[in-house]
Amino acid sequence: MSIVTVNDIRETINMIQHENLDVRTITMGISLYDCVSDDIGKLCDNIYDKITHKAENIVKVGNGIGKKYGIPIVNKRVSVTPVALIGGKASAEDYVKIAKTLDRAAKEIGINFIGGYSALVQKGMSRGSEELIKSIPQALTETDFLCSSLNVASTKAGINMDAIYMAGKAIKELAYLTKDRNSIGCAKFVVFANAPEDNPFMAGAFHGIGEPECVINVGVSGPGVVAAAIKRAGNCDFGTLADIIKKTAYKITSVGQLVATDAAKELGVPFGIVDLSLAPTPAIGDSVARILENMGLERCGTHGTTAALAMLNDAVKKGGVMASSSVGGLSGAFIPVSEDEGMIEAVNVGALHLNKLEAMTAVCSVGLDMIAIPGDTPVETICGIIADEIAIGVVNTKTTAARLIPAYGKNVGDSVDFGGLLGTAPIMEVSPFSSCEFVRRGGHIPAPMHSLKN
Amino acid sequence: MKAVISVTGKDGVGIVAKVSARCAEYGANIIDISQTVLDGYFAMIMIVEISALTVEFGTFVDRMEEAGNENGLKINTMHEDIFNSMHKI
């Protein structure tokens with residue numbers, strides 16, 4: 001064969017047809033700075049016009065590239081400047097109007113999520129940010145495609161516990177307001193430490209403050225490809241295993257880079273980053289948990305899981321970095337429970353618990369993701385879970401996040417089905433002991449030391 | 001520019017002829033063919049030059065897929081760049 005070998009061609013086709021290789025998302029980041037107006041109606045008009053103009057062709061271009069290379073490009077999305085930065089004097093009600101505008105723009109251009117209904121409050125809260133946070137439950141209840149995020153902490157600023165408390169209350173209210181749809185509103189809201197500004201994945205995507213006017217970021221996927229490669233390798237030592245993962249990650253990321261370059265060129269927008277992530281879906285054969293199990297663990301969640309995940313995450317980055325001219329975003333293995341068939345099973349058989357998931361997030365991106373907890377979990381317990389997760393990110397200088405769903409009216413033993421990529425979440429047990437007095441102290445946990453590291 | 005056409009399905013008379021005819025119809029010039037039959041199962045990988053296509057590449061992809069459906073075959077057409085990017089450093 002003239003270009004590459006027949007075996008190479010077969011390998012690629014097999015990855016796509018049998019191992020769920022796909023490009024998870026092409027996300028266009030759009031700055032909304034020049035939409036600013038002191039008139040809320042005008043602001044909304046500007047936002048709508050800008051998004052529907054800039055991203056007008058993103059779906060068409062994405063589908064065209066998918067067809068050209070014969071690979072599914074699952075999602076086409078848009079992220080915007082954190083809305084709290086462009087709201088001006090907007091009240092909580094005004095912010096809801098902006099939310100509905102974003103949702104309307106998303107529907108017009110045919111994308112499946114728009115992110116950036118966000119505020120950066122790691123150090124403190126501006127008036128606008130506070131109003132936006134207050135509006136989140138209503139905004140996410142009355143929209144379909146809007147995603148929201150808060151950055152409540154950073155390694156340099158410490159942890160804004162007041163913001164976490166507000167986030168906890170918003171989550172609880174959101175669960176109630178969307179109780180008829182299994183509290184799905186909570187699946188569209190994520191709380192970050194050290195949030196990346198070029199993340200193409202939802203619900204946490206936003207177009208960061210130092211980003212260009214418009215940019216194309218791409219998120220790759222491919223847990224099934226890695227799992228299959230490990231299975232084929234059979235009984236080998238860790239060095240060999242790491243090597244196999246690196247080579248596979250290189251191939252997966254190369255596809256992401258190719259698609260990103262093409263998309264940027266066709267849309268006339270600069271290429272930003274490729275996010276080197278292993279993003280699972282609820283489909284069989286597309287699970288990060290199964291990768292860990294193929295490494296030799298009986299079930300994801302048993303002893304050894306954190307070490308396996310650490311190795312996987314590191315090898316994916318090492319392989320991926322070489323395949324892309326610019327990497328960024330979250331870049332690591334995702335462990336969302338509801339979106340990963342192997343994780344769901346691990347929870348259901350009692351192998352995987354919240355505490356182990358928390359430990360796992362110390363060595364991978366991104367955090368306690370898509371975790372359903374009992375609907376009657378107190379706000380302060382939710383805040384305690386978030387604070388723990390955020391502290392791991394702050395102290396270890398990494399991104400962590402929490403996307404928790406206190407599913408209204410549900411308890412341990414139940415599960416909630418969100419449909420599509422969001423999957424099915426078994427309700428996980430939380431500690432019955434109170435975090436109330438701790439959370440209610442309020443204020444700020446100071447930034448950690450950067451020396452004396454032990 | 002080249003593309004890779006993969007054809008799989010139950011073996012039968014005239015598969016290569018049908019696929020080649022369709023390529024000719026749209027101006028795709030065949031450069032290389034690798035083909036085997038294993039236990040009655042037909043598998044072919046074809047490299048074609050697509051610079052002189054008479055239709056857009058996306059349309060060509062669709063037409064080839066349709067040709068596959070009409071004949072009980074699975075036909076995938078992919079631009080060569082995906083293979084080059086994955087398998088060459």
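Both backbone and side-chain heavy atoms feed into the values below; hydrogens, waters and symmetry mates do not. Naming: A, B, ... by sequence-line order, numbering from 1 per chain.
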Greater than 12 external heavy atoms within 6.0 Å of B:Glu70's CD = yes
Contact part of A:Leu21 toward chain B, heavy-atom cut-off under 4.5 Å: side chain, backbone, both or neither?
-> side chain
Does a sphere of radius 6.0 Å around CG in A:Asn235 hold more than 12 heavy atoms from other residues, nucleotides or ligands, not counting ones at 6.0 Å or beyond?
-> no
Residue among A:Gln17, A:Met15, A:Lys247 with most heavy-atom pairs under 4.5 Å to chain B | A:Gln17
Tell me, for A:Glu11 versus chain B, whether the close heavy atoms (under 4.5 Å) come from the side chain, the backbone, both or neither.
-> side chain
Pair A:Arg232 + A:Glu19: basic N to acidic O under 4.0 Å | yes
For the candidates B:Glu56, B:Lys74, B:His79, which exhibits the highest count of non-hydrogen atom pairs separated by less than 4.5 Å from chain A?
-> B:His79
Regarding A:Thr5 and A:Asn7, is there a side-chain donor-to-acceptor distance under 3.5 Å anywhere?
-> no
Does the side chain of A:Gln257 pick up a donor-acceptor pair with the side chain of A:Ser325 at under 3.5 Å?
-> yes
At a heavy-atom separation under 4.5 Å, does B:Asn76 approach chain A through its side chain, its backbone, both, or neither?
-> side chain
